[in-house]
Number of protein chains: 2
Amino acid sequence: MTDTDEVTQVGTLQEVLAAVSDPVRLEMVRRMYAEGGPAPCAQLYDGVSKSTASHHFKILREAGVTDRSVIGGQTHQRLRLDDVEAEYPGVLSSILAARPAR
Amino acid sequence: MTDTDEVTQVGTLQEVLAAVSDPVRLEMVRRMYAEGGPAPCAQLYDGVSKSTASHHFKILREAGVTDRSVIGGQTHQRLRLDDVEAEYPGVLSSILAARPAR
DNA sequence: ACCTCGGTTTGATAATCATCGAACCGAGTC
DNA sequence: GACTCGGTTCGATGATTATCAAACCGAGGT
């Protein structure tokens, strides 16, 4: 069973940039991207508490960067790469392509 | 007479993203880009005080996104587009290409 | 009915950050 | 020297924001 939330618009460029400018959230985005599809929340972060993670998921969702869907009773997060690319071509993809380490 | 500050490294991806995620700073970056070269501080912002602007310039500089140089006694800011592109290809350019309004 | 499991919401706290005015500084100019 | 002009630095203040623990909630399982 797949139950998807109402799909919202991609946010402003500022919102998107602010969303990914947080290290915890960028890591989440990277992992969702690596996953290639809806991923259960648990494996998208570590180092922060459940509630903090949920807070970050919300910000990503409100910026239109991610989706939430319930698959088999479990909440999953999904990167809306295509939607963001359609709105701001190259922005998210180039960020994902950047070498992460420094 | 051109007097340029010591050139620093481009900062981490996080630093760059955080730098441009502020509306005032993104506008500064856009104007510098439009200028195509070193631009006097004054015409890179409006709506904030001199000291606030100076603060934002500093953050952009520390992120390695901009340069400071003194031309004929006047301080100028310059977008280090090539340097940032070399480090994180496509990131800054796609942000600049994004349609600003919403 | 009870319990666990995954996730969200609610306060609350602490830290970060944008903002300003005022003082300061260096280079010109008068 | 005195004065402006463009810019920076210094505190200080207020607003955001990241963080957590605790309470809560819905879906399954037993």
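These values consider heavy atoms only, across backbone and side chains, with no hydrogens, waters or symmetry-generated copies. Chain letters run A, B, ... following the sequence lines, proteins first, then strands; residues in each count from 1.
Contact annotation for His56(B): backbone-only contact, meaning every heavy-atom pair under 4.0 Å involves sugar-phosphate atoms and none involves a base. Thr75(A) comes within 4.0 angstrom of sugar-phosphate atoms only, judged by non-hydrogen atoms across all strands, and of no base. Ala42(B) comes within contact range of the sugar-phosphate backbone alone, with a heavy-atom separation under 4.0 Å but no base atom that close.
By the 4.5 Å heavy-atom criterion applied to side chains, Tyr88(B) and Ser94(A) are not counted as neighbours. Counting heavy atoms from C-beta outward, Cys41(A) and His76(A) have side chains that stay 4.5 Å or more apart. Counting only heavy atoms from C-beta outward, the side chains of Asp67(A) and Asp83(A) never approach each other to under 4.5 Å. Residues Thr75(B) and Pro40(B) form no side-chain contact, since every pair of their non-hydrogen atoms from C-beta on lies 4.5 Å or further apart.
For the pair Arg25(A) CZ and dT16(D) P, the computed distance is 16 Å after rounding to whole Å. For the pair Glu27(A) CD and dA18(D) P, the computed distance is 16 Å after rounding to whole Å. Spacing between atom CD of Gln14(A) and atom P of dT17(D) amounts to 12 Å, rounded to whole angstrom units. Distance NE2 (His55(A)) to P (dT19(D)): 7 Å, rounded to an integer number of Å. Between the CG atom of Asp22(B) and the C1' atom of dT17(D) there is a distance of 14 Å, rounded to whole Å. Residue Lys58(A) contributes atom NZ, which lies 14 Å from atom C1' of dA18(D) at whole-angstrom precision. Rounded to whole Å, atom C1' of dG7(D) lies 10 Å from atom CZ of Phe57(B).
Judged by distance alone, the side chains of Ser21(B) and Gln14(A) never bring a donor and an acceptor atom under 3.5 Å apart. Ser51(A) and Ser54(A) form no side-chain donor-acceptor contact under 3.5 Å, judged by distance and modelled atom types alone.
If Gln74(A) and Thr52(A) are placed on DNA chain C by their nearest nucleotide, the residue sitting closer to the 5' end is Gln74(A).
Nucleotides of DNA chain C lying under 4.0 Å from heavy atoms of chain B occupy a range whose first and last members, 5' to 3', are dA18(C) to dA22(C).
Contact between the side-chain N/O atoms of Arg61(B) and the OP1/OP2 oxygens of dG7(D) is not found at any separation under 4.0 Å.
A salt bridge between Arg78(B) and Glu35(B) is absent, with no side-chain N of the basic residue lying under 4.0 Å from a carboxylate O of the acidic one.
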